[in-house]
Amino acid sequence: MQFVFFGLLVASETVPDQAITHNLGVAIKAGTYGPDGMIDRMGGTSDTFTECIVAATGLGHPGENVFVRAAYMPRLGSCTGGAKPLLETASGKPMPAGMVSSYSKYWAGYTVVTRPVIALFGLTGMRIVAGAMLLFSAILAVVVLGRRTGMWPAAGLLLPLGLATNLMSTPSTSFSQAFSISVMFFGVALTAWGASKSPKWGIFAVGLSAALFCYVDLLTTPAIPWAFCTVVAAGITFARRRALRPTLIAGVAAAAVWIIGFAGTWVSRWIFSAMFLGVRTTYKVIVGNIEFRTGGSHSGVSHALFAPTRANWVYWTTHVATARFVMIAAGIVIVVALFMIWRRHGLRTVAAWPLLSLSAIVVVVWFEVLNNHSQIHAFFVYRGYPAMLGVLLFAALTLWRLPIAGQVDPASTPEIASGLAPSDKGALEVAKTPSEALDNV
């Protein structure tokens, strides 16, 4: 898979730079390129800084072969720094010396989409494509997960992100963020599909979703798909098995496999870079980046324990007008759900809620480990809080929706309604009476 990833980067570099620079030049003249730090009008600051970098990633070093360009991954400055060289290149002049740097520390897999789309449709077309990706991936996640746990639990997982963040503004102001979030939602659908088949398929799906997210993301909010995939795998396991031990094992396995898949994919990117750019150069870039993002000094950054957690909480509750309302509404729904779970299924099932909710802890772990990054980029890292809320909602609504033991909910899928894995369905099919079917279960 890692070789496929690199092959796609090579293919993206075959798209002519001239078509891309021409369309970006048109966007600059039209005033739709940047500016850095544009207000998103939904309570925060958009990530136009990264959007401008992403739009021009891959441009530069036209004389090099595509393999070296893919390994080096040339990039320009952001909106302010990138406009002048783009305009000069669009007018037929060579790229000014010293304007191109490297993004070899990231996969930058988004170039597989951004370069051909911008070459064909321009920056506005890229924003439309990013919006479509965000819309359809969210629908896919809700439908695929909803078929296995119910539509309300599936919606509960994603709704806090939609109602208490600036997520819906990202296609028009930060298409790079919309791109990453759409792959995040696709990973939720993939995990739900795999976990409903078998534990082995679940592990495969979680690892693949982590690798795909690492491929396209620029270290935005990895803790969110990490938490989402973990709780989805654990929630579907409990819905099928109705037992705490297998649920705990599934959750721990999913959490471990996701971060291993994410980190392993990133390491493989550095190996490809070292093959073409040299081990020493790659090592210096990687070590310097890790040291800065975890404990580097920066204006306004505190290294006190829980400083990143506190900073993102303050940003969320002070910048997003709906944050407190969504939090209170979700809390009421969770309390009602837990009461109904106790009435319908007993305390044993209620005990599954804190077990499933443990998935949310990875968000705080990420805040604290990436101390520097979490505080500098609080204007989008804060989304981890509504994501945690989504995890708690999903856990409660999944347990509430479970059919009462001995009853079959017609609205449920056969696998969850019967508590059987797909491979066990034959036991019900050969049973002649309902009592025989229950004996087989």
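Ring-centre distance between Phe228 and Phe213: not below the 6.0 Å cut-off. Two rings, from Trp107 and Phe5, have their centers less than 6.0 Å apart.
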Intermediate values then yes/no, side-chain contact (heavy atoms from CB on, under 4.5 Å), Thr57 and Thr114 = CA-CA 9 Å; Thr57 298; Thr114 58; over 6 Å; no

Take Asp17 and Arg69, measure what side-chain contact (heavy atoms from CB on, under 4.5 Å) needs, and give me the verdict at the end.
-> CA-CA 12 Å; Asp17 283 3; Arg69 290 181 63 185; 3.0 Å; yes

I would like to know whether Leu8 and Tyr215 meet side-chain contact (heavy atoms from CB on, under 4.5 Å); could you show each step before the answer?
-> CA-CA 11 Å; Leu8 290 173; Tyr215 186 58; 3.2 Å; yes

For Met73 and Ser104, run side-chain contact (heavy atoms from CB on, under 4.5 Å): C-alpha distance rounded to whole Å, both residues' side-chain angles, the deciding distance at 0.1 Å, then the answer.
-> CA-CA 6 Å; Met73 192 48 65; Ser104 60; 5.5 Å; no

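Annotation: side chain of Thr309 is in contact with side chain of Glu368 (closest heavy-atom distance under 4.5 Å). Between Trp316 and Met327, the closest side-chain pair of non-hydrogen atoms falls below 4.5 Å. With contacts defined as side-chain heavy-atom distances shorter than 4.5 Å, the pair Thr220/Met184 does not qualify. Val216 is not listed as a side-chain neighbour of Val113, based on a closest heavy-atom distance of 4.5 Å or more. For the pair Leu399/Leu356, a side-chain contact is recorded, criterion being any heavy-atom separation below 4.5 Å from C-beta on. Contact check for Phe394 versus Thr149: side-chain heavy atoms found under the 4.5 Å cut-off. Looking at heavy atoms from C-beta onward, Phe185 lies out of side-chain contact with Phe136 at the 4.5 angstrom threshold. Contact annotation: the side chain of Leu402 approaches that of Arg242 to within less than 4.5 Å [non-hydrogen atoms, C-beta and beyond].
Between the side chains of Thr170 and Gln177, no donor-acceptor pair of N or O atoms lies under 3.5 Å. When only modelled atom types and interatomic distance are considered, Asp40 and Thr173 share no side-chain donor-acceptor pair under 3.5 Å.
Ring geometry for Tyr103 against Tyr106 counts as perpendicular: the plane angle is over 60°, on a 0 to 90° scale with 30° as the lower cut. Using bins of under 30°, 30° to 60° and over 60° for the plane-to-plane angle, the ring pair Trp270/Trp266 lands in the tilted bin. Between Trp313 and Tyr385, the ring planes are perpendicular. Angles over 60° get that label, and only those under 30° would be called parallel. Note on ring orientation: taking the six-membered ring where Trp is involved, the planes of Tyr382 and Tyr315 are tilted (angle from 30° to 60°). Relative ring orientation between Phe6 and Phe276 is described as parallel, the plane-to-plane angle staying below 30° on a 0-90° scale split at 30° and 60°.
In this structure, the side chain of Thr237 does not engage the main chain of Ala250 through any donor-acceptor pair within 3.5 Å. Remark: side-chain polar atoms of Arg240 are paired, donor with acceptor, to backbone N or O of Ala195 under 3.5 angstrom. Of the possible polar contacts, one joining the Ser196 side chain to the Trp193 backbone as a donor-acceptor pair under 3.5 Å is found. At least one donor-acceptor pair under 3.5 Å links the side chain of Arg115 to the backbone N or O of Gly58. At least one donor-acceptor pair under 3.5 Å links the side chain of Thr32 to the backbone N or O of Ala27. For Arg147 (side chain) and Val142 (main-chain N/O), no donor-acceptor pair under 3.5 Å exists by modelled atom type. No donor-acceptor pair under 3.5 Å is formed between the side chain of Ser137 and the backbone N or O of Val183. Remark: side-chain polar atoms of Asp217 are not paired, donor with acceptor, to backbone N or O of Ser180 under 3.5 angstrom. Panel note: side chain Ser273, backbone Arg269; a donor-acceptor pair is recorded below 3.5 Å. Put simply, the side chain of Glu51 never gets that close to the backbone of Ser176: no donor and acceptor are under 3.5 Å apart.
The nearest pair of heavy atoms linking Thr21 to Thr89 is CG2-CG2, 3.8 Å. Taking all atoms of both residues into account, the shortest heavy-atom contact from Ala223 to Val362 is O-CG2, 3.9 Å. Nearest heavy atom pair, residue Ala71 against residue Leu277, reads O-CD1, 3.9 Å. Of all heavy-atom pairs spanning Val100 and Leu59, the tightest one is CG1-O, 4.1 Å. In terms of heavy atoms, Ser209 sits closest to Val206 at OG-O, 2.8 Å.
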Enumerate, atom names and distances included, each donor-acceptor pair closer than 3.5 Å involving a side-chain atom of residues 278-285, sequence neighbours excluded.
unit_1: Thr282; atom_1: OG1; unit_2: Ala274; atom_2: N; d: 3.4
unit_1: Thr282; atom_1: OG1; unit_2: Gly278; atom_2: O; d: 2.9

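The CD atom of Gln375 sits 8.0 Å away from atom CG of Asn312, with the distance rounded to the nearest 0.5 Å. Asn23 contributes atom CG, which lies 11.5 Å from atom CG of Leu86 (distance to the nearest 0.5 angstrom). Atom-to-atom distance recorded for Lys105:NZ and Ile290:CD1 is 11.0 Å, nearest 0.5 angstrom. Atom OG1 of Thr165 and atom CD1 of Ile181 lie 7.0 Å apart (nearest 0.5 Å). Rounded to the nearest 0.5 angstrom, Leu393 CG and Ser357 OG are separated by 9.5 Å. Atoms CG and CZ, from Leu212 and Phe262 in turn, are 12.0 Å apart once rounded to the nearest 0.5 Å.
Remark: Trp152 CH2 is loosely packed, at most 12 non-hydrogen atoms of other residues, nucleotides or ligands lying under 6.0 Å away. Atom NE2 of His61 is surrounded by more than 12 heavy atoms from other residues, nucleotides or ligands within 6.0 Å.
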